[in-house]
Amino acid sequence: MKLLTLNTHSWLEEQPDAKLDALVETILANQFDVIAFQEVNQSIAESVIDVSNHFAYQAAEPTIQIKRNNFAFIVQQKLEQAGLRYVWTWQPAHIGYDIYDEGLAFLSLYPIQEIKTFYASKSKAYENYKTRPVLGVQIEGSWYFNLHLGWWEDDNDSFKDQWLKCSAVFDSLPGPIYLMGDFNNPAQVNNEGYELVSQKWFDTFYLAAKRDTGYTIEKNIDGWSENNEQLRIDFIFTNQPIDILISEVFFNGLNSPIVSDHYGVSIELAKEKAPIYSGSE
């Protein structure tokens with residue numbers, strides 16, 4: 001089993017089409033079983049597409065509209081055209097940069113058994129960029145949650161408050177749980193969000209028999225405008241001390257091209273891989 005999380009910064013990068021193709025090629029080469037994407041954008045002004053006849057799409061909510069340039073949809077379609085079928089879902093979060101519907105997406109080589117969504121943030125206003133839904137999918141009996149949470153020092157909607165809401169949901173669920181995403185809390189900062197999460201959750205970076213540096217941002221980016229150091233803010237946590245073969249940073253320009261202002265994180269579990277969906281029907 002291979003997992004991947006990536007804050008895609010979609011359609012906001014220079015040469016976005018070339019970076020999308022590089023992302024697709026890397027997925028084809030590695031065949032990650034479950035992929036969590038954050039900052040998955042679609043243009044508000046773009047036309048809506050009919051996904052009712054798309055076997056691979058499962059709606060998180062029946063009212064969600066998928067636009068023609070939905071980033072996850074395009075990635076999924078390109079992968080399917082290349083012979084690798086992912087089922088997928090997308091949850092809008094808020095308006096991004098005045099022109100996008102920004103959201104969270106999952107792609108999976110296995111059937112999605114159930115979808116769960118809730119708000120971590122106090123705000124539920126779609127116009128508020130601090131509105132933070134969480135998207136969860138149940139796959140093969142395990143739960144995977146896609147998170148893009150707020151900052152520790154936010155006076156109005158702090159990470160601490162958001163984490164309390166998340167914990168209440170996670171604690172109610174059985175089975176293995178994996179938390180994947182952009183936590184906006186660096187691992188090297190003491191007494192803040194990372195320490196709060198790791199009190200009860202296992203950072204798969206440290207569970208891995210083999211790992212690299214783990215850094216997922218190198219400099220100042222959106223949301224971290226005053227940063228000038230390498231940070232580890234994108235994580236995969238689990239609630240069980242499982243065997244991890246490797247934790248590896250992707251899309252850092254070393255083992256795969258840079259496609260976003262964040263790098264991705266992948267782990268490989270010590271479990272036999274048996275994907276359900278590949279190729280065409």
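No side-chain donor-acceptor contact under 3.5 Å links Glu46 to the backbone of Lys67. A side-chain donor-acceptor contact under 3.5 Å links Asn41 to the backbone of Ser10. Using a distance-only test at 3.5 Å, with no hydrogens or angles considered, a donor-acceptor pair links the side chain of Thr204 to the main chain of Ile236. A donor-acceptor contact shorter than 3.5 Å links the side chain of Glu195 to the backbone of Asn191. Listed for the Glu61 side chain is no donor-acceptor partner under 3.5 Å among the backbone atoms of Gln91. Judged by distance alone, the side chain of Thr89 and the main-chain N or O of Phe106 form no donor-acceptor pair under 3.5 Å. Under the 3.5 Å distance criterion, the side-chain polar atoms of Glu39 are left unmatched by any main-chain donor or acceptor of Gly96. A side-chain donor-acceptor contact under 3.5 Å links Asn239 to the backbone of Ile177. Looking at His9, its side chain never comes within 3.5 Å of a backbone N or O of Ser260 through a donor-acceptor pair. A distance-only check finds a donor-acceptor pair linking the side chain of Asn146 to the backbone of Phe37 [under 3.5 Å].
With respect to Phe237, the ring-ring contact (aromatic ring centres under 6.0 Å, His included) criterion is satisfied by exactly one of Trp163, Phe202, Phe145, Phe183: Phe183. If you run ring-ring contact (aromatic ring centres under 6.0 Å, His included) between His54 and each of Tyr86, Trp88, Phe73, Trp90, only Phe73 comes through. None of Leu20, Thr8, Leu6 except one satisfies the side-chain contact (heavy atoms from CB on, under 4.5 Å) rule with Val259; the exception is Leu6.
A cation-pi arrangement is present between Arg132 and Trp151, with the terminal nitrogen or guanidinium carbon under 6.0 Å from the aromatic centre and inside a 45° cone about the axis.
Rounding to the nearest 0.5 angstrom, the gap separating the CD atom in Glu102 from the NE2 atom in His94 is 3.5 Å. In this structure, CG on Asn185 lies 6.5 Å from CD on Glu192, to the nearest 0.5 angstrom.
No more than 12 heavy atoms of other residues, nucleotides or ligands lie within 6.0 Å of CD in Gln15, so this atom counts as exposed by the packing criterion.
With sequence neighbours excluded, the residues that form a salt bridge (Lys or Arg N to Asp or Glu O under 4.0 Å) with Lys130 are Asp154.
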Phe250 vs Phe32, ring-ring contact (aromatic ring centres under 6.0 Å, His included): CA-CA, chis, key distance, verdict: CA-CA 12 Å; Phe250 273 76; Phe32 306 102; 5.3 Å; yes
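For Trp143 and Tyr178, the gap between ring centers reaches or exceeds 6.0 Å. The aromatic ring centres of Tyr144 and Tyr110 sit 6.0 Å or more apart.
Side-chain contact check for Asp203 and Tyr194: at least one donor-acceptor pair (N or O, by modelled atom type) lies under 3.5 Å. A donor-acceptor contact under 3.5 angstrom links the side chains of Ser43 and Asn69, judged on distance only. For the 3.5 Å distance criterion, the side chains of Glu80 and Gln76 qualify, holding a donor opposite an acceptor. Thr131 and Ser123 share a donor-acceptor pair across their side chains, judged by distance under 3.5 Å alone.
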